[in-house]
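Side chains are part of it too, since the values below use all heavy atoms of this structure and drop only hydrogens, waters and symmetry mates.
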Protein chains: 2
Amino acid sequence: MPPFTDGDARTSIVEAASAVFAQKGIDGVSMRHIAREIGVSATALYRHFDSKNALLSAACEAGFAEFEARIDATARAAATPLDALRQLGGVYVDFALTHPMHYDVMMIRPHQWALGPNPERDPESFAGLIAVIEACQAAGQLAPGDAREAAHRLWAALHGVASLAIAMPGEIRGLEPEPVRARADAMVEAVIATLT
Amino acid sequence: MPPFTDGDARTSIVEAASAVFAQKGIDGVSMRHIAREIGVSATALYRHFDSKNALLSAACEAGFAEFEARIDATARAAATPLDALRQLGGVYVDFALTHPMHYDVMMIRPHQWALGPNPERDPESFAGLIAVIEACQAAGQLAPGDAREAAHRLWAALHGVASLAIAMPGEIRGLEPEPVRARADAMVEAVIATLT
DNA sequence: TCACTCTAGTTAACGGTGTTAACCGGCGTC
DNA sequence: GACGCCGGTTAACACCGTTAACTAGAGTGA
C-alpha cells in the first residue's frame with residue numbers, strides 16, 4: 001500500500017513541499033521535513049526528484065505561472081498600453097507582498113536555488129514588459145527610444161520597492177504594505193515621465 | 001606556541017573569515033573552513049566569537065563602515081545638496097557592484113544573518129540620505145515635502161538597480177556594470193524630477 | 001618554588017543537513 | 001514461474017553549527 005492515497009506521489013510531494021515552504025520559509029525547509037510531513041522516508045523523495053532544488057523548483061512553478069498570468073492579464077485587460085504600464089506597478093508589488101517566499105526565490109536570490117531567469121532568453125514577464133513599452137511607443141503614448149532600457153528601469157524601480165519591503169519587514173518606518181504600494185505607483189509615474 | 005603570529009587571534013580570525021567570505025561567497029563559508037584556513041580547530045573560533053553570525057558580522061563591519069564613509073564623504077564634498085544627491089546614485093551602485101558580498105549581507109538578505117538595519121533607529125546611511133534631501137528642500141533646490149518618502153523612493157530605485165545586477169549576474173542583457181551605473185544616474189534624475 | 005587561575009587551544013559528541021548505495025517487497029508481463 | 005521495474009526502505013557519507021569536557025601553558029601571589 002503506497003502512502004499516497006489521493007493523486008500520484010509526485011503531486012503529493014509537491015503539495016507537502018509547498019505547505020512546509022509557505023509555513024517555515026525557504027530557509028526552514030528540508031528534505032527530511034517534507035518527507036516526515038507525508039509519512040515517508042527522506043530518500044523516497046529522490047525517486048521523484050533529482051535534488052532538493054528540483055523539488056523546490058516544482059513547488060514554485062505554480063507561483064511563477066500565477067505571476068506571469070497576472071502580468072499578462074493586466075496587460076491584456078487595459079484600455080491602452082500606457083494604462084497597462086500604469087497598472088503593472090501595483091500588480092507587481094502586490095504579488096511580491098502577498099507571495100514573499102515566491103518572490104524571494106524568483107527574484108531576490110535565484111542563484112541560490114538554480115532557478116530564476118533562463119540566461120538564454122528573457123523571462124516571459126520581462127519580455128512582456130518590453131512588449132508593452134513598445135506598444136506605448138507605437139501608439140505614440142511614449143517617445144520612441146530603447147524599450148529594453150526602459151523596461152530595465154521600470155523593473156528595477158519595482159524590484160527595489162518590493163524587495164526592500166520583503167528584505168526588511170517592518171524594520172524601517174515606511175516599509176509597511178500601504179506606503180509600499182503607493183510608492184510603486186509613484187515610481188512607475190516617475191519612470192514614465194522620463195519616457196514621454 | 002599560539003598559531004597566530006601577527007596580531008591577536010581575533011583579528012587573524014576576522015581576516016581569514018573575510019578571505020574565505022570574499023572568495024567562496026557568503027553561502028560557501030563555514031566555521032570549519034575558516035578554522036582550517038588558519039590551522040586551528042573549528043571550536044577554537046568560539047573562544048572569540050559567540051556564533052557564526054557574530055563572526056560574519058565582525059567580518060562585514062569594515063565593509064559597512066566603508067559604505068557609510070563613502071556616502072558621507074560624497075555628501076560633504078558636493079558643492080550643493082542637489083549635487084550630492086546626484087552623485088549618491090553612482091556611489092551607491094558602485095559600492096554594490098564592487099562589494100557584492102557585502103551588499104548582499106547588508107541589504108539583500110540581512111534577516112538571514114541577523115545583521116542589517118537596527119529596527120530602533122534608521123541606518124546611518126538612510127538617515128544621511130534624508131538629511132541631504134532636507135538640505136535640498138531648505139536650499140530651495142527641491143520642493144518642500146515628505147523627505148522620508150523621497151528618501152525611500154531614491155533608496156528603492158538604487159537598491160532595485162543594484163540588487164538586480166547582483167542577483168542575476170549576466171543572466172539578462174543589460175545587467176552588465178556599465179549600463180547599470182548609467183541606469184542608476186537616470187533613476188536618480190527621474191526621482192529628482194518628481195520632487196521639483 | 002608551589003599552587004592557583006585564566007587563556008586558548010584540543011577532541012568527542014549531538015542533532016541536523018543533502019545525497020548516495022544497497023536492499024527489498026509487490027506488481028505486471030513474457 | 002522467472003524477470004524486471006517501481007517505489008519504497010535502512011545505512012551510511014561528508015558536511016554543518018554548536019556544546020561539553022578536557023588540557024598545555026603562561027602568569028601570579030604566598
[X] side chain to [Y] main-chain N or O, any donor-acceptor pair under 3.5 Å?
| X | Y | result |
| --- | --- | --- |
| A/Glu37 | A/Ala16 | no |
| A/Thr74 | A/Arg70 | yes |
| B/Lys52 | B/Val29 | yes |

Rounded to the nearest angstrom, tell me the gap between atom [atom1] in [X] and atom [atom2] in [N].
| X | N | atom1 | atom2 | value |
| --- | --- | --- | --- | --- |
| A/Leu45 | D/dG8 | CG | P | 9 Å |
| A/Arg10 | D/dG8 | CZ | C1' | 17 Å |
| B/Asp8 | C/dG9 | CG | P | 10 Å |
| A/Ile34 | C/dG16 | CD1 | P | 16 Å |
| A/Phe49 | D/dG7 | CZ | P | 12 Å |
| B/Asp27 | C/dT17 | CG | P | 18 Å |

request  = Identify, with sequence neighbours excluded, every residue that meets side chain to side chain donor-acceptor pair (under 3.5 Å) alongside B/Ser51.
outcome  =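 B/Ser51 satisfies side chain to side chain donor-acceptor pair (under 3.5 Å) with no residue once adjacent residues are dropped.
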Scan nucleotides 15-17 of chain D against the protein and return all N/O pairs shorter than 3.5 Å with their distances rounded to 0.1 Å.
residue, atom, partner, partner atom, Å
D/dC16, OP1, B/Ser30, OG, 2.6
D/dG17, OP1, B/Met31, N, 3.3
D/dG17, OP1, B/Lys52, NZ, 2.8
D/dG17, OP2, B/Met31, N, 2.9
D/dG17, N7, B/Arg32, NH1, 2.5
D/dG17, O6, B/Arg32, NH2, 2.9

OP1, OP2 of [N] versus side-chain N and O of [X]: anything below 4.0 Å?
| X | N | answer |
| --- | --- | --- |
| A/Thr43 | D/dT9 | no |
| B/His48 | C/dT7 | no |
| A/Ser41 | D/dT9 | yes |

Do the rings of [X] and [Y] sit parallel, tilted or perpendicular, given the 30° and 60° boundaries?
| X | Y | result |
| --- | --- | --- |
| A/His152 | A/Phe126 | tilted |
| A/Phe67 | A/Phe95 | tilted |
| B/His102 | B/Phe64 | perpendicular |

### Task
Using a strict cut-off of less than 4.0 Å between a Lys/Arg side-chain nitrogen and an Asp/Glu carboxylate oxygen, indicate whether B/Arg109 and B/Asp27 qualify as a salt bridge.
yes
Overall bend of the helix from C/dT1-D/dA30 to C/dC30-D/dG1 (five pairs an end, 10° steps) is 30°
Quiz item: Between B/His33 and B/Phe21, does a ring-ring contact (aromatic ring centres under 6.0 Å, His included) hold up when you go through it step by step?
Solution: CA-CA 10 Å; B/His33 196 119; B/Phe21 175 62; over 10 Å; no
